[in-house]
Amino acid sequence: QQQVKQSPQSLIVQKGGIPIINCAYENTAFDYFPWYQQFPGKGPALLIAIRPDVSEKKEGRFTISFNKSAKQFSLHIMDSQPGDSATYFCAASLHAGGTSYGKLTFGQGTILTVHP
Amino acid sequence: GAGVSQSPSNKVTEKGKDVELRCDPISGHTALYWYRQSLGQGLEFLIYFQGNSAPDKSGLPSDRFSAERTGGSVSTLTIQRTQQEDSAVYLCASSLGTGLAIFYEQYFGPGTRLTVT
């Protein structure tokens, strides 16, 4: 069961463009939604995260938009740079009890290429 | 400071052999997670440790997979009688802890690439 669906699978933009990556989740109990960036040969690294009581969060050039009623959230990268070329994963986690203990449920990933 | 380290970085093994993958978490991190990254399945959770106990083993795909953690630090993931479908990158992550309504960042290691021939 794929609980977090991510699109597109790949994305190509020119330098300065604004790539947008979208995710949709099914489990309404999820209470934290992080985005991870992964470069080849490296583990994923946390980029930015949002809680469902916030509709938008910005950190530098990265913005998460969150729509709780639609169970969707997205990552926007402003003024994208070639160095942003990487694989991006959305994720969801549950901290409200039970045995979930913050384990991450990931989307399938988006390979972003930013051309100079 | 030092991040999460994993060894070996690459492992090639023959089908049917046992393998052990090691994870050294960040010092002081009580929570430790194993994930598997493969082309067909993406990134999937395997097991979670709090200290030396594993309250969530729900992601282990079969009884050929086991993991332990000793001294609240190093963890070993063991795969017995490896199969070709076990080929993947095995990632370890650690965090300061877990708590109700609190998100502790998980720091990932570089992973171990396992190839079963």
Side-chain angles (χ1 to χ4, degrees), chain A residues 1-10 21 23 25 27 29-54 57 59 64 66 86-111, chain B residues 3-7 9-10 21 23-26 29-51 53-60 67 88-113:
Chain A
Q1 180 187 8
Q2 186 181 359
Q3 295 195 51
V4 181
K5 295 183 180 180
Q6 182 173 345
S7 63
Q9 287 187 319
S10 63
I21 305 170
C23 285
Y25 62 97
N27 186 350
F30 285 138
D31 56 7
Y32 219 89
F33 300 88
W35 284 89
Y36 285 82
Q37 179 187 56
Q38 185 178 30
F39 293 104
K42 305 289 187 182
L46 180 66
L47 199 57
I48 185 173
I50 196 168
R51 295 183 57 85
D53 54 351
V54 177
K57 182 174 182 180
E59 286 189 6
I64 299 179
F66 189 86
T87 301
Y88 291 81
F89 292 93
C90 63
S93 63
L94 175 62
H95 302 80
T99 59
S100 296
Y101 296 110
K103 73 181 181 186
L104 295 166
T105 299
F106 286 91
Q108 291 298 96
T110 296
I111 301 172
Chain B
V4 177
S5 60
Q6 293 186 245
S7 61
S9 55
N10 281 284
L21 312 179
C23 171
D24 283 86
I26 293 172
H29 280 194
T30 61
L32 186 147
Y33 304 80
W34 283 97
Y35 295 89
R36 179 168 72 173
Q37 185 170 22
S38 56
L39 283 175
Q41 300 297 322
L43 267 161
E44 51 182 346
F45 166 82
L46 297 178
I47 186 170
Y48 155 74
F49 286 92
Q50 179 59 41
S53 64
D56 191 346
K57 306 178 183 180
S58 62
L60 294 178
V89 176
Y90 289 82
L91 291 160
C92 174
S94 70
S95 71
L96 274 173
T98 58
L100 291 179
I102 299 174
F103 177 73
Y104 290 98
E105 178 176 351
Q106 292 182 30
Y107 295 83
F108 283 80
T112 293
R113 180 174 297 278

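The shown structure was predicted, so the numbers you read here are calculated from the model rather than taken from an experiment. Below, chain A is the first sequence line, B the second, and so on; all start at residue 1.
- In this structure, the separation between NZ on A:Lys103 and CG on B:Leu46 is 10.5 Å, given to the nearest 0.5 Å.
- A 6.0 Å sphere centred on NZ of A:Lys57 holds more than 12 heavy atoms belonging to other residues, nucleotides or ligands.
- Screening A:Phe89, A:Phe106, A:Tyr36 against B:Tyr35 for a ring-ring contact (aromatic ring centres under 6.0 Å, His included) leaves a single residue, A:Phe106.
- The OG atom of B:Ser95 sits 11.5 Å away from atom CG of A:Leu46, with the distance rounded to the nearest 0.5 Å.
- Between the side chain of B:Gln106 and the main chain of A:Gly102, a donor-acceptor pair closer than 3.5 Å is present.
- Among all heavy-atom pairs drawn from B:Leu43 and A:Pro44, the shortest one is CD1-CG, 4.1 Å.
- For B:Ser9, no part lies near chain A; criterion is any non-hydrogen pair under 4.5 Å.
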